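To start, the structure under review is shown below, and the notes come after it.
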Amino acid sequence: IQKVDKSRNYLNRIAGYCCYDMRPPEIEKGIAYMQEFFKNAKPKNIFSRDYAYFGRLQYRHAKNDSSELAKAFDNLNKAYELDTNDLTLVSEMALAYYYAHWYPQSIAMYEKKIKHTPKSNMKVRLQDMMQIAKMYYMMGAYGKADTAFMAITAIEPDNIQAYLFDARSMAASEQKLSEGKYYTLDVSAAKPKFDLLIQKVGSDTVKYEKELEEAFNYMGSMYLMFLKEPDYIQAYNWFNRLYNLDPSNKVTQIKALKALGLIRYKEKKYKDARDYYLKVKAMDPNDADVKKILSDLDKAIKAQEAQNNR
């Protein structure tokens with residue numbers, strides 16, 4: 001039709017829509033059709049979905065180009081302004097902002113979506129709240145992340161992932177404040193969060209093995225390295241729990257054995273430390289660090305025995 005009559009501008013609209021909806025889509029052709037449509041359209045004849053489709057096409061074409069993304073989001077926002085009740089568009093924009101790493105804008109759209117989602121649909125509301133909380137975490141806004149995750153657990157007390165990310169937020173906050181240096185904390189803000197996570201997991205150690213692995217590792221490391229006054233007894237207990245968490249997980253067991261060996265070394269119990277590193281060697285004969293550590297421990301044992309015999 002367009003070959004013989006280009007006066008029907010709505011055909012550019014339809015062609016643009018179709019180019020996006022095709023599988024695979026024809027993005028560049030779609031953009032060309034939509035540009036032609038907008039060039040010829042009167043403002044009163046432009047609908048929300050026209051801006052929406054143009055923005056979608058531009059978003060797919062932009063990839064990671066920030067200036068092209070800005071154009072896409074400008075059109076998507078024009079679509080939203082013409083129909084603020086289109087929750088499908090709001091959800092789509094929230095995800096688009098998220099995948100583009102425009103987190104503040106994504107959070108704003110999710111908040112709009114939550115506001116218009118009925119409280120009876122709590123599952124969807126909680127999913128969106130979780131997405132917001134995770135973005136605060138990824139932005140390094142750990143205080144806001146903490147508040148957001150606690151709002152989720154207040155509604156859903158058994159949401160293990162919310163407890164885990166809340167604990168991670170506080171651990172990351174500690175690391176940020178201490179600039180990654182060891183032996184700096186008077187008290188740990190993350191400790192009660194990991195305590196609560198472990199309590200909520202309870203005896204379901206198979207289903208939540210990874211979450212417990214992270215919690216036990218943090219607790220052991222905190223008592224061993226993060227606090228100004230280390231507690232080697234507590235550190236030993238936590239790493240021992242990590243070692244016994246899953247006897248089939250060789251990687252985790254080696255991590256725990258090395259930590260237990262380090263604890264005994266710091267306590268100057270060199271023979272016990274050597275025993276732990278010998279277990280590591282038996283599990284992983286190719287570990288390059290263990291050979292030197294065992295050599296150093298042998299020297300420390302001899303020096304200690306010589307000192308005791310004086």
Side-chain angles (χ1 to χ4, degrees), residues 48 51-52 55-56 58-60 62-64 66 69-70 72-177 188-201 208 210-211 214-215 218:
S48 171
Y51 287 117
R56 289 167 184 148
Q58 289 174 314
Y59 179 81
R60 292 285 295 273
K63 295 185 171 60
N64 294 320
S66 59
L69 282 171
F73 287 129
D74 181 55
N75 278 313
L76 288 170
N77 275 291
K78 286 178 181 177
Y80 170 72
E81 287 166 9
L82 288 176
D83 186 1
T84 57
N85 293 317
D86 187 348
L87 288 185
T88 301
L89 177 61
V90 171
S91 182
E92 184 180 352
M93 290 175 66
L95 275 174
Y97 276 127
Y98 173 77
Y99 287 122
H101 305 296
W102 292 32
Y103 296 137
Q105 294 86 345
S106 180
I107 288 169
M109 295 311 296
Y110 272 114
E111 287 175 341
K112 286 183 171 69
K113 185 185 173 191
I114 291 169
K115 184 178 178 181
H116 290 94
T117 302
K119 290 187 177 180
S120 58
N121 197 352
M122 189 54 71
K123 183 178 179 180
V124 171
R125 288 172 67 92
L126 283 167
Q127 288 172 347
D128 294 339
M129 289 170 68
M130 189 72 170
Q131 195 78 339
I132 289 172
K134 284 183 177 180
M135 281 189 280
Y136 279 131
Y137 169 72
M138 288 185 283
M139 290 165 59
Y142 301 122
K144 289 183 178 180
D146 178 39
T147 301
F149 286 121
M150 285 197 297
I152 294 168
T153 55
I155 299 170
E156 193 175 31
D158 295 325
N159 190 323
I160 298 300
Q161 292 306 304
Y163 291 112
L164 174 64
F165 272 92
D166 194 11
R168 284 178 178 172
S169 296
M170 291 300 94
S173 177
E174 289 175 349
Q175 188 175 31
K176 185 177 179 180
L177 289 171
S188 167
K191 177 187 178 300
K193 302 290 186 179
F194 279 110
D195 277 332
L196 188 56
L197 169 64
I198 294 165
Q199 176 190 325
K200 289 293 180 179
V201 168
Y208 296 111
K210 290 296 181 184
E211 288 80 0
E214 186 171 338
Y218 175 84

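None of these values were measured; they are calculated from a predicted model.
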Practice item. May I have the step-by-step check of side-chain contact (heavy atoms from CB on, under 4.5 Å) for I114 and I132, ending in yes or no? Key: CA-CA 10 Å; I114 291 169; I132 289 172; 3.7 Å; yes
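Atom CG in L164 sits 11.0 Å away from atom OH in Y208 (nearest 0.5 Å). Taking OG from S106 and CD from Q131, the interatomic distance works out to 6.5 Å, rounded to the nearest 0.5 Å. A distance of 13.5 Å separates OH of Y51 from CG of L89, quoted to the nearest 0.5 Å. Residue Q58 holds its CD atom at 13.5 Å from CZ of R60, rounded to the nearest 0.5 Å. To the nearest 0.5 Å, the span separating CD on E214 from CD1 on I198 amounts to 10.5 Å. We find the CZ-CD1 distance between R125 and I155 to be 7.0 Å, quoted to the nearest 0.5 Å.
Within the 4.5 Å cutoff, no side-chain heavy atoms of M170 are placed close to those of P192. Using a 4.5 Å cut-off on side-chain heavy atoms (C-beta onward), M93 and N77 make contact. Using a 4.5 Å heavy-atom threshold, the side chains of F73 and Q105 count as separate. You'll find the side chain of T147 stays beyond 4.5 Å of the side chain of Y136, heavy atoms only. Inter-residue side-chain proximity for E92 and R56 is flagged as met; some heavy-atom pair is nearer than 4.5 Å. Using a 4.5 Å heavy-atom threshold, the side chains of Y80 and K112 count as touching. Here the side chains of V90 and H116 are not in contact, with every heavy-atom distance at 4.5 Å or above. With a 4.5 Å cut-off on side-chain heavy atoms, L197 and V201 count as touching.
Listed for the T153 side chain is a donor-acceptor partner under 3.5 Å among the backbone atoms of M150. Under the 3.5 Å distance criterion, the side-chain polar atoms of E211 are left unmatched by any main-chain donor or acceptor of I160. Under a 3.5 Å cut-off, the side chain of D74 and the backbone N or O of A70 do not form any donor-acceptor pair.
Heavy-atom contacts from other residues, nucleotides or ligands closer than 6.0 Å to CD of Q175 number 12 or fewer. Heavy atoms from other residues, nucleotides or ligands lying under 6.0 Å from CG of N121 number more than 12.
Listed here is the closest heavy atom pair of G140 and K176: O-NZ, 3.8 Å. K134 and F149 get closest at one heavy-atom pair: N-CZ, 3.8 Å. Considering all non-hydrogen atoms of both residues, Y163 and P157 come closest at OH-O, 2.7 Å. Residue A145 comes nearest to A133 through the heavy atom pair CB-O, 3.9 Å, listed as atom of the first residue, atom of the second, then distance. Scanning both residues, A171 and A190, for their nearest heavy atoms gives N-CB, 3.6 Å. For the pair L76 and A52, the tightest heavy-atom approach, listed with the atom from each and the gap, is CD2-O, 3.7 Å.
Looking only at atom types and distance, the side chain of E174 has a donor-acceptor partner in the side chain of Y218 under 3.5 Å away. Under the 3.5 Å distance criterion, with hydrogens and angles disregarded, a donor-acceptor pair is assigned to the side chains of Y103 and H101.
For the pair R168 and F165, the cation sits on the ring face: its NZ or CZ lies under 6.0 Å from the ring centre, inside 45° of the axis.
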